[in-house]
Amino acid sequence: MAALPASFYARPTLTVAADLIGCVLVHDHGGVRCSGRIVEVEAYIGEADPACHAAAGPTARNQPLYGPAGLAYVYFNYGMHWLVNAVTEAAGAPAAVLVRALEPLTGLEAMRARRGEARAAARDGVTWSGRDAHLCRGPGNLTRALGITGAQNHAPLSAGPLRIHAPSVKAAPLPVSWSGRVGIRLGQDRPWRAYVAGHPAVSGAPR
DNA sequence: CGTTCGATGCACT
DNA sequence: GTGCATCGAACGT
């Protein structure tokens, strides 16, 4: 099964966001393959979008947004969370889709272990005992579970350890709902969050 | 149920 | 120095 080609991402960002629902994010890391079905994403589109990292023009951090479609844009936020995006549109047109939640498919043992490490770092000697459906619920949680870090920033999503695959032909299509984006201050009016309503792995409701 | 709040580091002004 | 595209513990109801 091949990863989605770069041309998949070189389209209008909202189209890419809708089509990413149901696709499978894969990360080969530490000798283990972890994957999950995408059930929640958000679009960040252009310098006119106040919530997009490109709102203030090109900087050292947002450089991948200005690159060609199909790259990963991974950045560190709140001092403790990596967030992973897929760069869309075309070079010079800064836009991306943030992956916010996955339904875990493979590598659950490794996911539990990585989430446990995070928990153990914060608390002393207590193992994480959350439900598996919550392993990849939320953008910071899914990068932690899959082992995605800044090492994957600017990496191509069509080849390499971090990839996105088309939905399985056997899987029924997921219904897509839209809402305002979560966790942002500016730009809440734009209904650019796509998600599977009622799915247990979808993160918190919009503000 | 609900809301508040601290942890934690870096990009940018 | 300020403000995050967050998370979960610790409260209050």
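What you see is a predicted model, and the numbers here were worked out from it, not measured in a lab. Naming: A, B, ... by sequence-line order, numbering from 1 per chain.
Within 4.0 Å (heavy atoms only), A/Gly79 reaches at least one base atom of the nucleic acid. Among the heavy atoms of the strands lying under 4.0 Å from A/Asn85 is at least one base atom, whether or not backbone atoms are also near.
OP1 or OP2 of C/dG8 sits under 4.0 Å from a side-chain N or O of A/Asn141. OP1 and OP2 of C/dC7 both lie 4.0 Å or more from every side-chain N or O belonging to A/Arg137.
What separates CG of A/Leu83 from P of B/dC10 is a distance of 15 Å, to the nearest Å. If you take CG of A/Leu142 and C1' of C/dC7, they are 13 Å apart, rounded to a whole angstrom. One interatomic measurement links the two molecules: CZ of A/Arg181 to C1' of C/dT6, which rounds to 16 Å at whole-angstrom precision. A straight line from CE of A/Met80 to C1' of C/dT6 spans 8 Å, rounded to a whole angstrom. The distance from atom CG of A/Leu135 to atom P of C/dG8 is 11 Å, rounded to the nearest whole Å. Between the CH2 atom of A/Trp82 and the C1' atom of C/dT6 there is a distance of 14 Å, rounded to whole Å. In this structure, CD of A/Glu40 is placed 10 Å from P of C/dT6, rounded to the nearest angstrom. One atom, CZ of A/Arg185, and another, P of C/dT2, lie 14 Å apart when rounded to the nearest Å.
Distance from the side chain of A/Tyr44 is smallest to C/dA5 among C/dC7, B/dA7, C/dA5. Taking only side-chain atoms of A/Phe76, from C-beta outward, the nucleotide of C/dT6, B/dG9, B/dA7 with the closest atom is B/dG9. For A/Arg100, whose side chain is taken as the heavy atoms from C-beta onward, the closest listed nucleotide among B/dT8, C/dA5, B/dC10 is C/dA5. Taking every side-chain heavy atom of A/Tyr75 into account, C/dA5 is the closest of B/dA7, C/dA5, B/dC12. Closest contact between the side chain of A/Asn77 and the listed nucleotides C/dC4, B/dC12, B/dC10 involves C/dC4.
Pairing for B/dT8 is absent, judged as Watson-Crick or G-U wobble with the two contacts each under 3.5 Å.
For A/Arg144, the CZ atom counts as loosely surrounded, since its 6.0 Å shell holds 12 or fewer non-hydrogen atoms of other residues, nucleotides or ligands.
Contact record, A/Cys136 with A/Ala145: SG-CB, 3.9 Å, taken as the closest heavy-atom pair.
A donor-acceptor contact under 3.5 Å links the side chain of A/His53 to the base of C/dA5.
Between the side chains of A/Arg137 and A/Ser203, no donor-acceptor pair is found at a separation under 3.5 Å.
The same ILVMFWY cluster, assembled from side-chain heavy atoms under 4.5 Å apart, contains both A/Leu146 and A/Val202.
The aromatic ring centroids of A/Tyr75 and A/His53 lie less than 6.0 Å from each other.
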